[in-house]
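Each remark here refers to the structure printed beneath this line.
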2 protein chains.
Amino acid sequence: MANNHASNDTSQSIINSTLSAIATDGISNLTTKSISKHASISTASIHYFFNTKENLVYNSFAYMIKSIRIDMLEARRQGRDPLARIRGVCETHFSARQLSEEAANIWPQIWSHATHDPKTARLVKIFGARMISNFTYDLRKLGLPSQQARLGAIELRAMVVGLWVEKQVTKNTLQGERLDVFERMLSRLQAEALKHKTYPQLE
Amino acid sequence: MANNHASNDTSQSIINSTLSAIATDGISNLTTKSISKHASISTASIHYFFNTKENLVYNSFAYMIKSIRIDMLEARRQGRDPLARIRGVCETHFSARQLSEEAANIWPQIWSHATHDPKTARLVKIFGARMISNFTYDLRKLGLPSQQARLGAIELRAMVVGLWVEKQVTKNTLQGERLDVFERMLSRLQAEALKHKTYPQLE
DNA sequence: GCGGACTAACTAAACGATTAGTATACTTTA
DNA sequence: TAAAGTATACTAATCGTTTAGTTAGTCCGC
């Protein structure tokens with residue numbers, strides 16, 4: 001499915017250019033020409049490395065999601081307690097350090113692409129599932145019973161997505177307000193966990 | 001900007017076909033030919049009514065958002081109390097009665113289009129702002145102080161979007177779970193409102 | 001160490017197909 | 001008859017992709 005030169009410098013720069021082009025002009029306006037211009041290569045090289053444009057798009061999405069996932073795992077590793085891990089994951093999703101500013105606009109492009117491309121759909125599904133799974137684990141560690149932990153995780157995941165759309169697309173709220181909403185939810189979950197704890201427990 | 005035959009039968013069927021085509025194949029694969037085939041008209045008619053394809057896309061998005069808004073206003077009118085109005089608005093957003101099943105996939109297409117089209121961006125921004133504004137109003141009526149009402153509204157709006165993405169794109173949760181998450185949030189907001197009420201109050 | 005065989009990386013140019021949009025003529029309706 | 005609506009046939013541009021080739025470097029026998 002993928003190519004066997006994927007570690008190459010050029011193919012990586014093609015992927016970066018693809019993501020950048022999608023972010024600025026949208027996937028509807030993505031052409032092999034615009035990519036080649038941005039990456040300073042010929043359009044033929046695109047097909048040399050990625051066979052088809054569709055395959056390049058998929059690999060670009062996969063690369064971006066993989067990058068974010070690596071960052072999220074790192075954030076989890078650094079979190080001292082469940083709450084810190086949850087906070088870390090969310091912040092990663094919002095900062096997206098590893099990608100250029102403009103690349104932030106790619107999420108809705110992935111979502112819209114997923115509605116008619118099964119492979120991309122699978123990609124986002126797995127990413128979302130892992131996020132819910134991680135949150136569920138953290139909330140259980142925080143002291144919530146499994147049912148509530150799962151619902152809380154779904155809620156957290158929905159909130160991350162919803163606030164992301166609000167920040168990047170709708171733009172009707174201030175950064176401070178979004179942070180407030182998020183912190184309120186965290187302390188609410190913490191309070192809920194405390195209620196369920198039989199024994200007080202140190203972190 | 002728009003056309004002046006907008007009330008026409010043909011132009012409406014063109015819009016419907018456009019939305020349907022976008023929902024199934026994505027905006028990247030939208031062509032005047034596929035629209036004309038689906039609507040059983042010639043491509044010339046598209047340009048007769050909508051001048052450019054870009055303008056048709058914009059008008060289609062505008063029509064869809066307007067339809068949903070009308071449904072949401074109707075749901076609000078039928079809600080007996082603030083909580084029922086909130087619930088009604090959310091349910092409308094999820095059922096989208098007025099549109100075909102497939103058209104549900106159009107939201108992410110609008111979001112992705114908005115990232116590089118200012119006019120579409122304005123459309124979704126206004127829609128989101130009205131939703132937050134309505135929720136804020138309802139939460140104030142429920143008894144929340146204005147600051148909390150605004151935060152709660154932002155939270156509700158984010159949750160609607162987030163759960164929508166979860167339902168339509170990511171697909172990792174059951175309908176029942178999403179409803180649970182939503183109901184938990186509503187009762188939480190209600191409890192928060194009761195705390196702030198100086199006097200008990202009948203609905 | 002040297003020359004020819006081989007290969008990976010890359011490109012210029014051209015391919016056929018498809019695109020949005022137009023010119024124009026025909027048909028309906030009022 | 002005049003305007004509105006629709007279709008046919010077309011254009012110029014652009015699309016993704018392919019072909020046929022160049023370049024630069026590596027390997028191997030001698």
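Labels below follow one simple rule: chain letters A, B, ... track the order of the sequence lines, proteins then strands, and each chain is numbered from 1. Both backbone and side-chain heavy atoms feed into the values below; hydrogens, waters and symmetry mates do not.
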Parallel, tilted or perpendicular, as decided by the 30° and 60° cut-offs, for the rings of B:Trp111 and A:Trp111: perpendicular
Short side-chain N/O contact from A:Thr31 to OP1 or OP2 of D:dT14, under 4.0 Å: no
A:Tyr48 OH to D:dT22 C1', straight-line distance once rounded to whole Å: 13 Å
Value in whole Å for how far the P atom of D:dA7 lies from CD1 of B:Ile35: 15 Å
Length of the line joining A:His47:NE2 and D:dG21:C1', which is rounded to integer Å: 18 Å
Qualifying residue for side chain to side chain contact (heavy atoms under 4.5 Å, CB included) with B:His116, from A:Ile27, A:Asn29, A:Ile22, A:Asn105: A:Asn29
Shortest non-hydrogen contact from A:Ile106 toward A:Leu19: CD1-O, 3.3 Å
Sugar-phosphate, base or nothing in reach of A:Leu56, heavy atoms under 4.0 Å: nothing
Separation of atom CD1 in B:Ile41 from atom C1' in D:dA4, rounded to whole Å: 15 Å
Rounded distance (Å) that lies between atom C1' of C:dT18 and atom NZ of A:Lys53: 13 Å
Nucleotide D:dA7, atom P - distance to CZ of B:Phe49 in whole Å: 10 Å
is_close_aromatic(B:Trp107, B:Phe61), centroid dist under 6.0 Å: no
Whole angstrom value for the distance that separates P of D:dT18 from CZ of A:Phe50: 16 Å
